[in-house]
Number of protein chains: 2
Amino acid sequence: MSPPLAARPSTRRASPRLTVGDWVEAALDVIGEEGLGAVKIDPVAQRLGATKGSFYWHFTDLASFMDAVAAAWCRDREEMRATLSALDELPPRERLARLIDLIQDTRYWRLERASREWARTNLRVRHTLGRSDGWMREAECKAFRDLGFNEEEAALRANTLFFAGLGYIFAGPDDGRLDRRQVDGLLDVLAG
Amino acid sequence: MSPPLAARPSTRRASPRLTVGDWVEAALDVIGEEGLGAVKIDPVAQRLGATKGSFYWHFTDLASFMDAVAAAWCRDREEMRATLSALDELPPRERLARLIDLIQDTRYWRLERASREWARTNLRVRHTLGRSDGWMREAECKAFRDLGFNEEEAALRANTLFFAGLGYIFAGPDDGRLDRRQVDGLLDVLAG
DNA sequence: ACCTGAACACCGTTCAAGT
DNA sequence: ACCTGAACACCGTTCAAGT
């Protein structure tokens, strides 16, 4: 419609040259807003004010692009480890409540669900998710040990809590944060 | 390649005329084998030895086809209610173990995961899944009440068990059936 | 080096034409 | 009534041509 002279509307940057990072960031935005299935080349290109040709300069194909997006997601995810160890000094019961709150953050639900779906086809995502799940379970397990349970009892309780959290993300109510009372109730069951 | 005279290879029926049910059944097979994303018109048509034109005689479009498939899935799912009430006479602890076994059936994992994903875009699936989840949670809750817990305590334990089961389906090991000892351990945590 | 724009294959959809 | 086969739009991919 408009002549190529006219400045294209760009959501993210004034600079005419795009970087790999720009494309990756845009894809993560799309995943968070519309889900994994909404990552298509042309729409993402339009978000950045570019064409498909530009995409294929930076990336071999959709799959390798998604690999790069996965790698970026993995880097973000690895930061969770620091968040977990930051809780290490808290008393165990309080620590568990905080771990539950971490999982509960609604902003991450969609990305969390997307990553589980993604892990089934992407080795890198599967691997990072496995590691990150491991830290979370170990943190939960340690909290139960600190509460006085032996290794086996603590592991059983940690696994139950861990999977309950995931189940809640996948099948719980969309607006469903557990309030303080419900979290306490849950912990009474598992730690009582 | 081959002349139209030659009999087309049909996986499911010799009869030349297809019914709505044939298409729906084929779609459910595909979902179970390759996931929700693999349901495409041409591949399903080839499974049935037909062309896309035949599809569009029976169905308005992919969406309404998927609605019909969803309806069929819902009918199957409703049968779970009978299965649940069949367990009603068992002692509560044994009943809980059986409920866990129900969820654990590996054959249903993929369809179960697909249905959760599906529920986010299909009202009918969401509704049936909600009802079916309700029966499962009520059955679990009743078992805990029969074990002597009051209403609130039973609900808390049932929810924990329910979501843990779902979390296990979505994020647990692919070959991961819990053995008798692990199920007992889980029930010790929740019912002990 | 980075990007455009035209071309092609694949899949959902339509439809005129066949039995 | 039920189906085929050709046509078209959409999206992933390629590539020659531009700056």
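The sequence lines fix the lettering, A, B, ..., with proteins before strands; numbering per chain opens at 1.
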Rounded to whole angstroms, how far apart are CD1 on A/Ile41 and P on C/dG5? 17 Å
In terms of the angle between their ring planes, are B/Trp23 and B/His58 parallel, tilted or perpendicular, with boundaries placed at 30° and 60°? tilted
Separation of A/Asp42 atom CG from D/dT13 atom C1', in whole Å? 12 Å
Separation of C/dT4 atom C1' from A/Gln46 atom CD, nearest Å, is 14 Å
Closest to the B/Trp57 side chain: C/dG5, C/dC11, D/dA1? D/dA1
Would you kindly give the CZ-to-C1' distance between A/Phe55 and D/dT13, to the nearest whole Å? 10 Å
Is there a side-chain contact between B/Asp188 and A/Leu156 in this structure, where contact means two heavy atoms from C-beta onward sitting under 4.5 Å apart? no
Can you classify the ring geometry of A/Phe170 versus B/Phe170 as parallel (below 30°), tilted (30 to 60°) or perpendicular (above 60°)? parallel
Are the side chain of A/Glu78 and the backbone N or O of A/Arg75 linked by a donor-acceptor pair below 3.5 Å? no
Counting heavy atoms from C-beta on, name the nucleotide in C/dG12, C/dC3, D/dG12 closest to the side chain of A/Arg17. C/dC3
Which base, if any, makes a Watson-Crick or G-U wobble pair with D/dC11, both distances under 3.5 Å? none
Can you tell me whether the side chain of A/Lys52 and the base of D/dG12 have a donor-acceptor pair closer than 3.5 Å? yes
When the distance from CZ of B/Phe65 to P of C/dT13 is rounded to whole Å, what number comes out? 12 Å
Taking for each residue the nucleotide of DNA chain D bearing the nearest heavy atom, is the 5' side occupied by A/Gly53 or by A/Val39? A/Val39
note: B/Met66, atom CE; C/dG12, atom P; distance rounded to Å ~ 11 Å
B/His58 side chain N/O closer than 4.0 Å to the phosphate oxygens (OP1, OP2) of D/dC3? yes
What is the distance, rounded to the nearest whole Å, between atom CG of A/Leu62 and atom P of C/dC11? 15 Å
So which nucleotide does D/dT4 pair with, by the Watson-Crick or G-U wobble rule with both distances under 3.5 Å? C/dA16
Which listed nucleotide (C/dC3, D/dT4, D/dG12) is nearest to the side chain of A/Leu18? C/dC3
Side-chain N or O of A/Tyr56 closer than 4.0 Å to phosphate OP1/OP2 of D/dT14: no
Should the pair A/Trp73 and A/Trp118 be assigned to parallel (<30°), tilted (30 to 60°) or perpendicular (>60°) ring geometry? tilted
Over how many whole Å does the gap from A/Lys40 atom NZ to D/dT13 atom C1' extend? 16 Å
